[in-house]
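The block underneath contains the structure these notes are about, expressed in structure tokens.
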Amino acid sequence: MPTREPVRPRRAPVRIPTRRTAGDVLAGLGALVVLVALVGGVPYALLVLAGPPITAELLDLDLLTSRVGPSTIVALLVLLVWLAWFQLLVCVVVEVYAGVRRVGMPARVPLSGGTQMLANKLVSAVLLLFTASAAVVPIARLGAPPPASQPIATVALAAPIVEAETTKKAKKVYVVQPPHGRHHESLWEIAEKCLGDGRRYPEIYRLNQHKEQPDGTRLRMADLIRPGWVLDMPDDARNVHVVPAGQGRVETLREHPGRAEPVGRVSGKAEKSATQEQAPLVKKETTTPSQPEITKKPEISGKPEIPGNTSPQPAEETSQGLDLVDYLAGASLAAAGLLVVLGRRRREQLWRRAFGHRVVRPRDDAAKAEVALRFGADAPGTRILDVGLRLLGAELAAQGRTPPTVYAAHLSARHLDLWIHPPDNDPPAPWTVQDGGQVWRLHAHEGRLLTDQGLAQQGGAPYPGLVSLGTDESGRVLIDLEAAQGLINIRGAQTTAALGALAVELATNRWSDRMRVTLIGFGEELTAIAPDRIKAVGSLAEVLPELEATAAPREQVLTGRVNGSPRDAHFLLSAVAPTQEEARRLALLARKDTAGYVVPGESPHATWTLEITDDGRARIAELGFEVAAQLLPRRHYKALIDLFRTAEQLDGEAMPDPEPLDEMQPPAVEIRLLGPIEVIGPEPLEAGRMAIAVELLIYLATHPGGVHPVVLGGVLWPRGVQAMVRDATIARVADWLGEEHLFTDEAGRLRLGPGVRTDWVLFRELVRRSHGDATARAVILDKALGLVRGPLLSGRPPGRYAWLAADELEYDVAAGVADAAHRLCEIRLAHGEPDAAVAAARAGLLLAADDEGLWRDLLRATHATGDQVRLRAVVDGLTRRSSSHPYGGGMAPETEALIDELLPSWRIHIVRESSA
């Protein structure tokens, strides 16, 4: 195990001791002497030895045109020394003011980085000296309170116990405000407005992390805050509300829904007022239901009046789905991997879909799980990890170098960092070096330019053991299980939830090739997700002999991976503590094998200890990491299993018959879904508000039975939204469409008027009418397919429309369009019109490109034209599409069999192309 400690992404918080030691006193005395010497001694020496800053020689105007002599240079140097002393003096004044007034982070003196740091250390040591010497003051005064004229800083330093009692009476809070146009508040902005420096945002984050907010959710990532949240603030915050310390967040939001008036420090009057109100408010909070009933419905006839005391959604209405979103969407890399595996299963379902049936869709928690995965999946981040690491390995292999040990990685929106050992200042391009060679960095803009073409042939994935530990304030932290080169001991009450999250990401990530994950004592159901990677057993004794027999040295394995001859990566995750003998054998194996072993219990052989705290933090002290842990609790685990079991059902489910459409005239407002999103009729809104307004309109249009505003809010804002934001958005859409097109019914549900219609409704009506008119059937179906312009809702903004996963629309549209195209293709072929049959199949493929039944229709229709070149072009296109499909899986067996029948030489042609 290397002795050098890797670079840490964040520093653990340091707790300041309440008692001062003799060393503190000596350090303070020394700092005081140095400070006096610098502030007073330096100018005295300068005046005695060199004179004042500005000499008569420097005031001579001829200096600008005459030749500069030695005396002039000396005078300039003296001036520079005086200026340096003055800079130090300003820094000392700033640091003393900050320390005495306790304003938090001191103001930054321009061009004084090192000087201000020196002043900070000296002043801090001197203040510690005064703290130590003043500790006996309260005892000497028999606990009497300090006089009113005593400075605040002296009170804080001399009597910390009195301060602790005072801060219990009141606290400062900030209410996150709803967005204004495109502007959304962030912790940085709040820190800048309330603390005077945006860089202090981690203080607010730490004060509020994992604490429940009025909408039932919790702060888990620093860049994800929501309107209506009540944030605890540091003592020196301004522009905040002052409330009793014991007051709950829901009560605070009711009393203070708006912005705080600009104020400075808490006055004694305000603090006294908050203290006096504390008792009745606490009593009121205990008697008020935590889930208040919504009594006001939005009025859509005009803009709804949003009262000042509008409360957020009840916790019961949001937490049922939000906790799935909070965990599964937060696991952004695992979510991306799971969606790829799920997409492959859905392709296989489509291969066997029967006419008139749709793919079985998930329901209940399984559907919510897929919504969360779609909402949180980080496909770009996954791609940068995959392509960036493979390119790194390929470049190192080309240079004959062995890849370095990677302890951990940090993935943010701006870059991917690898913490390596030993340090190396020569990373291959486009990777750059940071922190003296301890970090290799790939910038996001460089990563987006990378292509994976040919990487699979050049080499494999060098670091398959990288897996998410959790998130910090700026991104996602991953550790390499192989880098421990020993046992990783996992501890805590949520051990199984952490192991489940590790297993799911390992089994589905893109940056691995040949992978085996052995689960001990848990996770047998996870084989439904990745049967080719996951194996579940009951005890370590069942697999330990095999592990010992297949061990291989680390350097040999790493070299093999990047040179195209990889060995299976193997990871063992156990929920059962090993015996002493098993732990000893496993530890010896881990030191010589390239694998990762994570086991619970108190193992003396552990190299790293992964601690999962009760509040959901993950710590590895040996690496200096402390992050919000990535967990997969029991309910979320079960939801994922149910989701993938649904994807294994191949029979499908019958599609319901559509409601007849009486009016076929063009509507006042037409919503086009069968291709790029379009709203025809009203004038477009400004760009910043158009996207959410259109999504709201589409959801209402596809749910004609009406939608309650609370339900609509949960659909459009999966992480929750304040009621005032939701209602204002609804009112804006009502103004946009007109009150005759959007209204509230007697049950309080939002509905669209008869003048609003989607092209999907018209499509279904045309298909329905084609059933009863045999003579005009082909014409009607052709008219229906003419409405199809591309994939469903193409061009929708990334991260939106996740609700489609739990809705019938996506499944019904794909099946309905494919069936209509299939029927028209058969009619055209029966009438001897192969070119029209080809057009029908291609019209359906515009939207249902993964339905291989349509590809088989296209093959038959093209073969019927008698044009072998045209048929070969279709086969080549289908083959290329199948081999490069993002979900993989190749072609359906029935499709390959049909190509063998229609074009027997196709396989030889494909082999020749690939070899060329």
Side-chain angles (χ1 to χ4, degrees), residues 300-301 655-687 689-707 730 732-745 749-773 775-796 801 804 807-810 812-814 816-821 823-824 839-840 843-844 846-848:
I300 306 304
S301 57
M655 294 177 60
D657 294 330
E659 291 290 333
L661 180 64
D662 297 329
E663 181 58 59
M664 294 288 288
Q665 295 298 321
V669 178
E670 182 183 11
I671 307 169
R672 295 181 178 177
L673 315 177
L674 306 180
I677 300 172
E678 293 180 7
V679 179
I680 309 299
E683 293 293 327
L685 291 170
E686 56 267 36
R689 294 175 173 176
M690 190 66 180
I692 188 66
V694 170
E695 185 176 2
L696 183 153
L697 185 57
I698 289 173
Y699 190 82
L700 292 178
T702 53
H703 295 79
V707 182
I730 294 171
R732 190 178 301 120
V733 176
D735 287 346
W736 177 42
L737 294 181
E739 60 184 57
E740 72 277 12
H741 296 313
L742 177 57
F743 60 92
T744 305
D745 64 14
R749 296 187 183 92
L750 296 167
R751 291 178 180 268
L752 294 178
V756 182
R757 192 180 71 198
T758 67
D759 54 356
W760 169 237
V761 169
L762 179 58
F763 179 95
R764 298 186 76 181
E765 176 61 20
L766 290 171
V767 171
R768 189 187 69 82
R769 294 190 179 192
S770 72
H771 295 163
D773 190 344
T775 58
R777 182 171 298 164
V779 175
I780 296 175
L781 287 175
D782 190 66
K783 185 176 181 180
L785 289 170
L787 299 174
V788 178
R789 299 167 293 114
L792 175 68
L793 296 170
S794 64
R796 56 184 182 263
Y801 294 84
L804 287 170
D807 199 87
E808 297 178 348
L809 179 66
E810 196 172 60
D812 285 352
V813 169
V817 169
D819 285 352
R823 181 178 295 160
L824 180 58
L846 283 175
L847 187 143

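Within the 4.5 Å cutoff, side-chain heavy atoms of Arg789 are placed close to those of Pro676. Between Phe763 and Leu674 there is a side-chain heavy-atom pair separated by less than 4.5 Å. Within the 4.5 Å cutoff, side-chain heavy atoms of Leu793 are placed close to those of Leu804. Side-chain contact between Tyr801 and Leu809 is absent, with no heavy atoms from C-beta onward closer than 4.5 Å. Between Met664 and Leu762 the shortest side-chain heavy-atom distance falls below 4.5 Å. For the pair Arg796/Ile698, no side-chain contact is recorded, criterion being any heavy-atom separation below 4.5 Å from C-beta on.
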(request) Show the numbers, then the answer: is there a side-chain contact (heavy atoms from CB on, under 4.5 Å) between Val707 and Tyr699? (result) CA-CA 9 Å; Val707 182; Tyr699 190 82; 3.8 Å; yes

(message) Apply side-chain hydrogen bond (donor to acceptor under 3.5 Å, both in side chains) to residues His771 and Arg823 and explain how you reach the verdict.
(response) CA-CA 11 Å; His771 295 163; Arg823 181 178 295 160; 2.7 Å; yes

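Note: Leu766 CG to Lys783 NZ = 6.0 Å, rounded to the nearest 0.5 Å. Once rounded to the nearest 0.5 Å, the distance linking OG1 of Thr744 with CZ of Arg749 reads 11.5 Å. Between atom CD of residue Glu683 and atom CG of residue Leu685 there is a gap of 10.0 Å, rounded to the nearest 0.5 Å. For the atom pair CD (Glu670) and OG1 (Thr758), the distance works out to 8.5 Å, reported to the nearest 0.5 Å. For the atom pair Phe743 CZ and Leu750 CG, the distance stands at 9.5 Å (nearest 0.5 Å). With rounding to the nearest 0.5 Å, the separation of CG in Asp657 from CZ in Arg768 is 9.5 Å.
Of all non-hydrogen atoms in Leu781 and Ser770, the two that sit nearest each other are CD2-OG, 3.6 Å. Considering every non-hydrogen atom in both Leu785 and Ala821, the closest pair reads CD1-CA, 3.7 Å. Across all their heavy atoms, Val767 and Ala820 have their closest contact at CG2-CB, 4.1 Å. Heavy-atom minimum distance, Arg757 versus Pro667: NH2-CD, 3.3 Å. The shortest heavy-atom contact between Gly705 and Arg751 is O-NH2, 2.9 Å. Minimum interatomic distance between Leu661 and Arg769 (heavy atoms only, all atoms of both residues): O-NH2, 3.3 Å.
Tested against Trp736, the residues Val669, Leu742, Leu697 include a single side-chain contact (heavy atoms from CB on, under 4.5 Å) partner, Leu697. Checked against Val788 for a side-chain contact (heavy atoms from CB on, under 4.5 Å), the options Leu846, Asp759, Val813 give a single hit: Leu846.
Around atom CD of Glu740, more than 12 heavy atoms belonging to other residues, nucleotides or ligands sit under 6.0 Å away.
A distance-only check finds no donor-acceptor pair linking the side chain of Arg689 to the backbone of Val733 [under 3.5 Å].
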